[in-house]
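In what follows, chains are A, B, ... by sequence order, proteins preceding strands, each numbered from 1.
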Amino acid sequence: MPEGHTVHRVAVLFRDVFVGHPVEASSPQGRFRDGAELISGQVMSDAWAVGKQLFVSWSGGMVLRVHLGIYGAWSVAGDTSESSIGAPRTRREEGFRRAAEDSFPPEPIGQVRLRLLSDAVVADLRGPTACELLTPDEASDLMATLGPDPLVGKPAKNKARFVEKFQASSTPIGVALMNQKMVSGIGNVYRAELLFRHRLDPWQPAKSLTQEQLEDLWDDWTVLLKQGVKTGVMVTRGDLTPAGRRKALRSSSWRHYVYKRTGSPCLACGTPIAMAEMATRKLYYCPQCQDATPPTGG
DNA sequence: TCACAATGAACAA
DNA sequence: TGTTCCTTGTGAC
């Protein structure tokens, strides 16, 4: 689902199946008709992700930017093992892939903003919060506003930039982690899980963390992101046996320490997991392990 | 049939 | 701080 790992996965897929090939673009839904016409028939030059943003460059020089938001997703069919990347669309994905086996390309299902179609693969985009064409300069400007992404650029430089930004911010760490200008790709699941994994109080100012704590946090984010890109699933528990990990890949109830576990016993100490609003999103945490209490007593 | 939530963020005031 | 947008699935009626 759409945190940073998702978008990197889409970029990998596109590089694998589309880059170097002419691609037909269309907007079955109609809301991106003009943009689709501008790039249709061009060769996809490159595809890459920075945090939650996907960039796709074309032989004509334009750059497509896609942001999935909370419920955007790509449905994929044809000559690829991928089926769906993004928010859950399970039922529809199955129908889509079956339809593609009968006749290629299959009819679009639902509100398809953008369809990308090559000889062998079709990718349908539904529900994005952003889908637009940019000039290369506009794309560069946008990328420059984003915080470091562990999979973009040089590791040492990224880490230093992360530490520097957080040491300069008095924002609560639980808010800062969700700010894409501070660090790229972390969403509501990774936020809660990273904070728990490091036993951090979400309301503690970012700058109050030690250099070592910040470096550990960055290293851990790097590990989680790489795992997420590899498997397509956010498994954030580090206490699972190999069998437990396999279960977690299939069932969401095994994946997380605290996310969506309100009232259930903490897997480390047994204290009921708590939930509070933070940065307009639901934050899940262990009051005991993270020594955390919402400031206004909510 | 309807309200609502969901892994997000821009924008107005 | 509150509102709006994007799409789909679920669960309450």
Practice prompt. For A/D124 and C/dT7, give me the distance from atom CG to atom P, rounded to whole Å.
Written response: 13 Å
Worksheet item: Going through the checks in order, is the side-chain contact (heavy atoms from CB on, under 4.5 Å) test met by A/Y257 and A/C286?
Response: CA-CA 9 Å; A/Y257 285 114; A/C286 173; over 6 Å; no
Fill in: No-hydrogen, no-angle side-chain donor-acceptor test under 3.5 Å, A/H21 and A/D119
no
Worksheet item: Can A/D219 and A/K159 be counted as an ion pair, charged N to O under 4.0 angstrom?
Response: yes
Fill in: Side chain of A/Q111 (C-beta onward), nearest among B/dG8, B/dT7, C/dT8
C/dT8
Fill in: A/H67 NE2 to C/dT7 P, straight-line distance once rounded to whole Å
16 Å
Worksheet, complete the sentence: From CD of A/E3 across to C1' of B/dG8 the rounded distance in Å is 10 Å
Item to complete: Using whole Å, report how far CZ of A/F96 lies from P of C/dG9.
Response: 14 Å
Worksheet item: Expressed in angstrom and rounded to an integer, what is the separation of A/R255 atom CZ from B/dT7 atom P?
Response: 14 Å
Worksheet item: A/E277 near the nucleic acid: base, sugar-phosphate alone, or nothing, with a heavy-atom cut-off under 4.0 Å?
Response: nothing
Discussion item. Under a 3.5 Å distance rule, please check whether A/E193 uses its side chain to pair with a backbone N or O of A/V258 as donor and acceptor.
Written reply: yes
Item to complete: Using only side-chain N and O atoms of A/Y259, determine if any of them is under 4.0 Å from OP1 or OP2 of B/dT7.
Response: yes
Worksheet item: Expressed as a whole number of Å, how far does the P atom of B/dA10 sit from that of C/dT8?
Response: 23 Å
Worksheet item: Say you pick atom C1' in C/dG2 and the same atom in B/dT7; how far apart are they, in whole Å?
Response: 23 Å
Item to complete: List the atom of A/P272, the atom of A/G263, and the distance in Å for their closest heavy-atom pair.
Response: CB-O, 3.9 Å
Practice prompt. Describe the nucleic acid contact of A/K282 in one word from base, sugar-phosphate, nothing, applying a heavy-atom distance below 4.0 Å.
Written response: sugar-phosphate
Worksheet item: Starting at CG of A/L68 and ending at C1' of C/dC5, how long is that distance when rounded to a whole Å?
Response: 15 Å
Worksheet, complete the sentence: Atom CZ of A/R126 and atom C1' of C/dG9 are separated, to the nearest Å, by 12 Å
Item to complete: Side chain of A/Q29 only, please: which of C/dT7, B/dT7, B/dG8 is the nearest?
Response: C/dT7
Practice prompt. Report the distance from atom CG of A/L283 to atom C1' of B/dA6, rounded to the nearest whole Å.
Written response: 16 Å
Worksheet item: Out of B/dA9, B/dA6, B/dG8, which nucleotide sits closest to the side chain of A/T129?
Response: B/dG8
Item to complete: Could you please spell out the steps behind the salt bridge (Lys or Arg N to Asp or Glu O under 4.0 Å) verdict for A/R15 and A/D46?
Response: CA-CA 7 Å; A/R15 288 197 292 269; A/D46 198 5; 5.1 Å; no
Discussion item. Please confirm whether the shortest side-chain N or O distance from A/K52 to OP1 or OP2 of B/dA9 is below 4.0 Å.
Written reply: yes
Practice prompt. Return no unless some side-chain N or O of A/R281 is found under 4.0 Å from OP1 or OP2 of B/dA9.
Written response: no
Discussion item. Heavy atoms from C-beta onward define the side chain here; which of C/dC5, B/dT7, C/dT8 lies closest to that of A/R31?
Written reply: C/dC5
Item to complete: Taking atom P in both B/dA5 and C/dT3, compute the distance separating them and give it to the nearest angstrom.
Response: 15 Å
Worksheet entry | C/dT7 - base-pair partner by Watson-Crick or wobble geometry, distances under 3.5 Å | B/dA6
